Colleague: 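Handing you this structure, nothing more for now.
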Amino acid sequence: MGMGDPEELLNIEQAARFLNVSETSLRRWTNSGRLACLRVGRRRERRFRRADLLAFMEDQPGESQAGAPRSGPPHPAHTVIDGVSYALGAHLCGLYASEVGRLKQTISFLEDGLRPGTVCFYMSSPKLRADVLAQLEKSRPSLRADIAAARLVLAEYIPSPEGQLRYWDTQMRAALDAGAHSFRVIGDLRTFGPDGSDEGLSEYEAGYEELIAKRFPLVTLCQYDVRQFSGVTLFNTLRLHRDNFRYPSDRVLV
């Protein structure tokens with residue numbers, strides 16, 4: 001790729017030179033979710049997209065360079081989920097082929113998001129989420145307190161695209177007003193609507209991308225059980241979740 005290509009991947013040494021900062025700063029920013037990176041190879045070495053580095057530089061108001069101190073804690077532009085840094089606004093599709101895969105995918109997404117300032121939404125039927133909550137509580141004894149404090153919101157999908165999109169807008173505006181700075185949203189789409197029709201799902205997903213994912217500081221994982229949906233539905237679903245192709249496939253295919 002040419003040196004000016006925004007999709008060019010730089011190693012940590014090249015990225016540090018690009019931003020005129022230390023490699024230690026880059027490691028700290030990627031670990032905290034402030035700067036996006038990809039992990040490659042068996043050693044999970046960091047790689048940085050030139051476009052992400054440029055966006056990071058532009059997101060530093062009042063700084064002469066990316067490493068200079070800034071007043072007050074910045075709101076993150078990225079969040080780290082299970083060791084991978086995701087840009088806020090990422091709208092992903094998670095495909096699973098077994099209940100074990102569903103459980104692993106859901107817990108990995110939620111577990112480290114239950115912290116002050118982040119609100120996690122888990123959309124599913126009570127039957128489907130029972131084993132997730134039981135497993136989460138083993139590693140997080142404070143889970144009931146998280147639910148009571150609305151750090152974890154448990155709900156079911158409203159049976160219409162319009163109604164569900166209104167729900168998201170209302171809930172997220174209220175949470176931001178209450179001091180939240182980011183969200184994680186995970187939902188099992190086999191529980192969406194009265195019949196989970198292709199038309200209704202496509203309308204909902206397209207509306208979510210335009211009206212919610214692009215407007216609020218969140219990462220979303222829409223779960224699809226490949227045993228329940230047709231190949232055409234899954235193909236169309238992937239077309240509506242282009243962010244999938246920016247991140248490791250083993251996090252969204254289980």
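Heavy-atom basis, side chains included; hydrogens, waters and symmetry copies ignored. Keep in mind that this is a model prediction, so the values were computed, not measured.
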Colleague: Should the pair R166-E162 be classified as a salt bridge under the 4.0 Å nitrogen-to-oxygen rule?
Modeller: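 No, no charged N to carboxylate O under 4.0 Å.
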Colleague: For residues R184 and T79, report the shortest heavy-atom separation together with the two atoms involved.
Modeller: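 Residues R184 and T79, closest heavy atoms: NH2-OG1, 3.5 Å.
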Colleague: Looking only at atom types and distance, does a side-chain atom of R102 sit under 3.5 Å from a main-chain N or O of L128, one as donor and one as acceptor?
Modeller: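 Side chain of R102 to backbone of L128, a donor-acceptor pair under 3.5 Å: yes, one is there.
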Colleague: With the side chain counted from C-beta on, respond yes when L35 and L26 share a heavy-atom pair under 4.5 Å apart, and no when they do not.
Modeller: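 Counting from C-beta outward, L35 and L26 do come under 4.5 Å.
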Colleague: Quick check against the 3.5 Å criterion: does R140 have a side-chain atom that pairs as donor or acceptor with the backbone of L114?
Modeller: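 Checked: pair present.
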Colleague: So how far is it from C37 SG to E45 CD, rounded to the nearest 0.5 Å?
Modeller: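 The SG atom of C37 sits 11.5 Å away from the CD atom of E45.
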Colleague: Is a donor on one side and an acceptor on the other found under 3.5 Å between the side chain of S32 and the backbone of W29?
Modeller: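 Yes, the answer is positive, given that a donor and an acceptor are paired below the 3.5 Å cut-off.
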Colleague: Tell me, with the steps shown, if F216 and W168 meet ring-ring contact (aromatic ring centres under 6.0 Å, His included).
Modeller: CA-CA 10 Å; F216 293 99; W168 289 128; 9.6 Å; no
Colleague: Is the shortest heavy-atom distance from the side chain of V80 to the side chain of Y86 under 4.5 Å?
Modeller: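 No, every pair of side-chain atoms sits at 4.5 Å or beyond.
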Colleague: Between R46 and T30, is there a side-chain donor-acceptor contact under 3.5 Å, judged purely by atom types and distance?
Modeller: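 Yes, a side-chain donor-acceptor pair sits under 3.5 Å.
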Colleague: For the side chain of R129 and the backbone of S124, is there at least one donor-acceptor N/O pair under 3.5 Å apart?
Modeller: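 Looks like yes, one N/O pair under 3.5 Å.
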Colleague: I'd like to know if D52 pairs up with R246 as an ion pair, taking the criterion as any Lys NZ or Arg NE/NH1/NH2 lying under 4.0 Å from an Asp or Glu carboxylate oxygen.
Modeller: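 Here D52 pairs with R246 in a salt bridge, since their nearest N and O are under 4.0 Å apart.
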Colleague: Can you list the steps and then say if I81 with R251 is a side chain to side chain contact (heavy atoms under 4.5 Å, CB included)?
Modeller: CA-CA 10 Å; I81 302 175; R251 308 309 166 95; over 6 Å; no
